[in-house]
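Right, one structure below, let's go through it.
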Amino acid sequence: MQRSTLELAVVLFGRMRPAWPGEDIKERVLQHREFLTKQSLFSKQKLPLGPVPNLRRESSIESFLQQPLDHFNRQNNQTYKQRYWVNGDFWRRPNGPVFLFIGGESALFMFDVLAGEHVDLAEKYGALVVAVEHRYYGASINPDGLTEKNIRFLSSQQALADLASFHIFLTQQYNLTLNNTWICFGGSYPGSLSAWFRLKFPHLVFAAVATSAPVRAELDFTGYNKVVAESLMDPVVGGSKKCRDAVTEAFHAVDKAIHAGNISQLEKDFQACSKLNGSLDETELVSDLADIFMGAVQYNLELPGYNIAVLCDIMTNATLGSAYARLIQANQKFMQSSFLKCVDYSYQKSLAELSTTNISAKGIGLRQWYYQTCTEFGYYQTCEDDSCVFSPLMTLSSQLDLCTRVFGISAKSVQQAVQFTNEYYGADQPRSSRILFVNGNIDPWHALSVLKNQTESEVAIYINGTAHCANMRPSSPSDPKSLIEARREIDYQIGEWLKAARKEHLRL
């Protein structure tokens with residue numbers, strides 16, 4: 001019997017029991033991206049899909065570089081090992097360019113130098129491909145890295161200093177010169193890092209592609225759910241006003257049940273693993289239900305059977321009953337696709353997961369990323385705005401409270417950190433050069449990115465009908481024309497940058 005793509009992904013990666021839907025969605029997307037990247041590479045080489053060892057090669061073996069734990073205090077001699085991969089299969093020695101793929105809030109893997117948009121471009125332009133994992137994520141962390149004492153060395157500034165240090169290392173290892181033009185790539189938070197690496201180290205990297213990059217830090221990110229609401233109405237991706245209104249009505253019904261004290265009915269309807277224990281668990285419930293829709297918008301079409309059109313089909317199907325009854329059905333479909341028998345809406349369990357200092361070399365670094373939101377970015381997706389389709393229980397204060405409970409960081413400190421980040425990097429007006437900002441109009445994160453050309457060399461591509469980091473995925477016959485055209489524009493821009501670099505080198 002032929003297996004579906006999702007079933008193959010489960011076979012390759014195994015099933016995972018998440019703490020709550022939001023993180024499950026991110027983990028599933030990460031795993032599915034890895035699967036599709038592998039699938040794309042196997043297909044190109046005309047090999048049957050199989051275990052990773054069938055494709056191992058000398059150029060993509062996992063390696064580590066000893067890095068300072070604190071680049072800004074040379075009196076601190078502590079170090080950590082940063083993981084990286086190099087693929088020289090396409091490199092036109094000795095003067096071919098270097099394409100740097102930047103890691104972010106999750107582990108990287110060997111296929112990050114073997115497949116993907118940046119690798120396709122490397123093949124065309126004869127580039128050396130390198131992928132560098134972000135400090136404190138994946139295997140790039142010391143065993144005691146998540147303790148309160150040591151997590152303080154996690155920041156975007158330290159991460160950029162790591163990249164500068166890696167630049168020195170790779171230059172020495174491969175005898176690189178000024179003739180080897182560096183271009184960096186990243187998507188989501190790594191997209192911001194890509195832009196910031198060009199901004200802060202223009203002498204090291206010639207140009208940058210920043211995909212779905214939220215370069216403007218924002219404490220109360222109300223814009224996220226505004227885009228979600230707009231996307232649920234967008235007919236291009238299967239949305240409609242009827243769908244958005246049904247979602248709004250369903251969440252009003254959930255709020256009404258909470259206010260009326262009908263908690264046992266909610267536990268039954270939304271298949272709670274245990275009884276809801278007070279207002280904090282009730283907030284977890286509405287947040288987890290909202291995550292189902294927020295995830296479908298942000299990662300639209302990334303996971304089989306989980307997208308805006310599928311959810312809107314459920315939410316507009318009057319034969320299923322009231323809007324509340326349809327929300328129950330949407331939740332059940334999500335649970336089935338996640339292999340969940342129940343959902344844990346326990347705030348205390350979520351708090352415990354954020355507080356654990358145990359290291360995992362795979363997947364998303366939950367504690368690490370929340371720490372960065374508390375110390376640099378904010379990005380809290382709230383629902384206190386009248387335009388929000390979910391529950392007003394999703395407050396800013398509830399998310400800032402986690403910063404205090406888990407890390408001892410006050411709400412005022414978080415606000416000051418967000419302000420500093422924008423001052424330090426320039427928010428969505430970075431005033432740099434040779435940066436290409438790529439965004440999709442369905443992706444909620446585009447609200448914090450650069451959507452219009454800033455200068456002749458700070459260029460924006462805005463893709464209709466696409467979601468988060470869509471251009472970075474392997475191409476597919478089902479790709480919309482807007483995405484195909486965007487990839488052509490990115491390709492063209494890379495070619496123009498490399499021509500400009502060659503002219504500069506000739507003048508030196």
Side-chain angles (χ1 to χ4, degrees), residues 1 3-35 247 250-251 253-254 257-258 262-299 302-308 310-315 317 320-356 358 360 362-364 366 390-391 393-394:
M1 183 174 67
R3 284 173 168 159
S4 69
T5 305
L6 181 58
E7 287 171 330
L8 280 170
V10 171
V11 169
L12 284 174
F13 303 112
R15 297 181 182 181
M16 154 193 167
R17 175 61 171 87
W20 61 86
E23 296 313 310
D24 171 47
I25 294 164
K26 293 175 185 177
E27 289 285 0
R28 284 172 57 200
V29 167
L30 184 66
Q31 292 171 353
H32 194 61
R33 284 177 181 172
E34 183 175 339
F35 167 72
V247 173
F251 276 86
V254 172
I258 290 173
N262 298 331
I263 306 303
S264 59
Q265 189 63 49
L266 290 170
E267 292 166 354
K268 178 182 177 183
D269 290 342
F270 297 106
Q271 297 174 257
C273 295
S274 58
K275 289 185 177 297
L276 301 185
N277 185 20
S279 61
L280 294 175
D281 284 6
E282 291 160 10
T283 298
E284 286 283 309
L285 168 68
V286 296
S287 298
D288 290 355
L289 293 174
D291 278 339
I292 295 170
F293 295 89
M294 293 159 69
V297 171
Q298 178 169 325
Y299 302 112
E302 284 218 49
L303 293 174
Y306 176 63
N307 53 58
I308 295 170
V310 168
L311 286 180
C312 281
D313 282 345
I314 295 172
M315 294 306 298
N317 186 350
L320 296 175
S322 66
Y324 178 84
R326 296 172 220 166
L327 180 59
I328 293 172
Q329 290 294 317
N331 183 60
Q332 287 177 349
K333 183 171 181 61
F334 174 81
M335 290 175 63
Q336 290 167 3
S337 67
S338 300
F339 310 104
L340 296 174
K341 292 183 178 179
C342 63
V343 181
D344 197 334
Y345 301 116
S346 168
Y347 174 85
Q348 289 301 322
K349 185 164 184 178
S350 298
L351 186 63
E353 292 220 0
L354 284 173
S355 301
T356 185
N358 295 332
S360 174
K362 296 181 180 180
I364 294 169
L366 182 59
F390 305 121
S391 171
L393 293 177
M394 297 162 57

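Please read these numbers as outputs of a predicted model, since none were measured by experiment.
- Met315 CE to Asn317 CG: the interatomic distance, rounded to the nearest 0.5 Å, is 10.5 Å.
- Looking at Ser322, its side chain does come within 3.5 Å of a backbone N or O of Ala325 through a donor-acceptor pair.
- Between Gln271 and Val343, the closest side-chain pair of non-hydrogen atoms is not below 4.5 Å.
- The CD1 atom of Ile263 sits 11.0 Å away from atom CG of Asn277, with the distance rounded to the nearest 0.5 Å.
- Using the six-membered ring where Trp is involved, Phe270 and Tyr324 have ring planes that are perpendicular, over 60° apart on the 30 and 60° scheme.
- Contacts of Asn262 classified as side chain to side chain donor-acceptor pair (under 3.5 Å), with partners at least two apart in sequence or in another chain: none.
- Phe390 approaches Ala290 most closely through the heavy-atom pair CG-CB, 3.6 Å.
- Across Ala250 and Ala323, no two heavy atoms sit closer than the pair CB-O, 3.4 Å.
- Lys349 contributes atom NZ, which lies 7.5 Å from atom SG of Cys273 (distance to the nearest 0.5 angstrom).
- In terms of heavy atoms, Leu366 sits closest to Glu353 at CD2-OE1, 4.1 Å.
- Here the side chains of Glu282 and Ser279 are in contact, with some heavy-atom distance below 4.5 Å.
- The nearest pair of heavy atoms linking Ser350 to Glu284 is OG-OE1, 3.0 Å.
- The shortest distance between side-chain heavy atoms of Ile258 and Val286 falls below 4.5 Å.
- Counting only heavy atoms from C-beta outward, the side chains of Leu351 and Tyr347 approach each other to under 4.5 Å.
- Put simply, CD on Gln348 and CG on Leu280 are 7.5 Å apart, with the number rounded to the nearest 0.5 Å.
- Phe293 is listed as a side-chain neighbour of Leu327, based on a closest heavy-atom distance under 4.5 Å.
- Of all the heavy atoms in Leu320 and Gln329, the pair that sits closest is CD1-CG, 4.2 Å.
- The backbone N or O of Leu393 lies less than 3.5 Å from a partner atom in the side chain of Ser391, making a donor-acceptor pair.
- With rounding to the nearest 0.5 Å, the separation of CG in Leu311 from CZ in Phe334 is 10.0 Å.
- Remark: side-chain polar atoms of Tyr306 are paired, donor with acceptor, to backbone N or O of Ile292 under 3.5 angstrom.
- Interatomic distance, Thr283 OG1 to Asp288 CG, rounded to the nearest 0.5 Å: 10.5 Å.
- Taking every heavy atom of both residues into account, Ile314 and Ala330 meet most closely at CG2-N, 3.9 Å.
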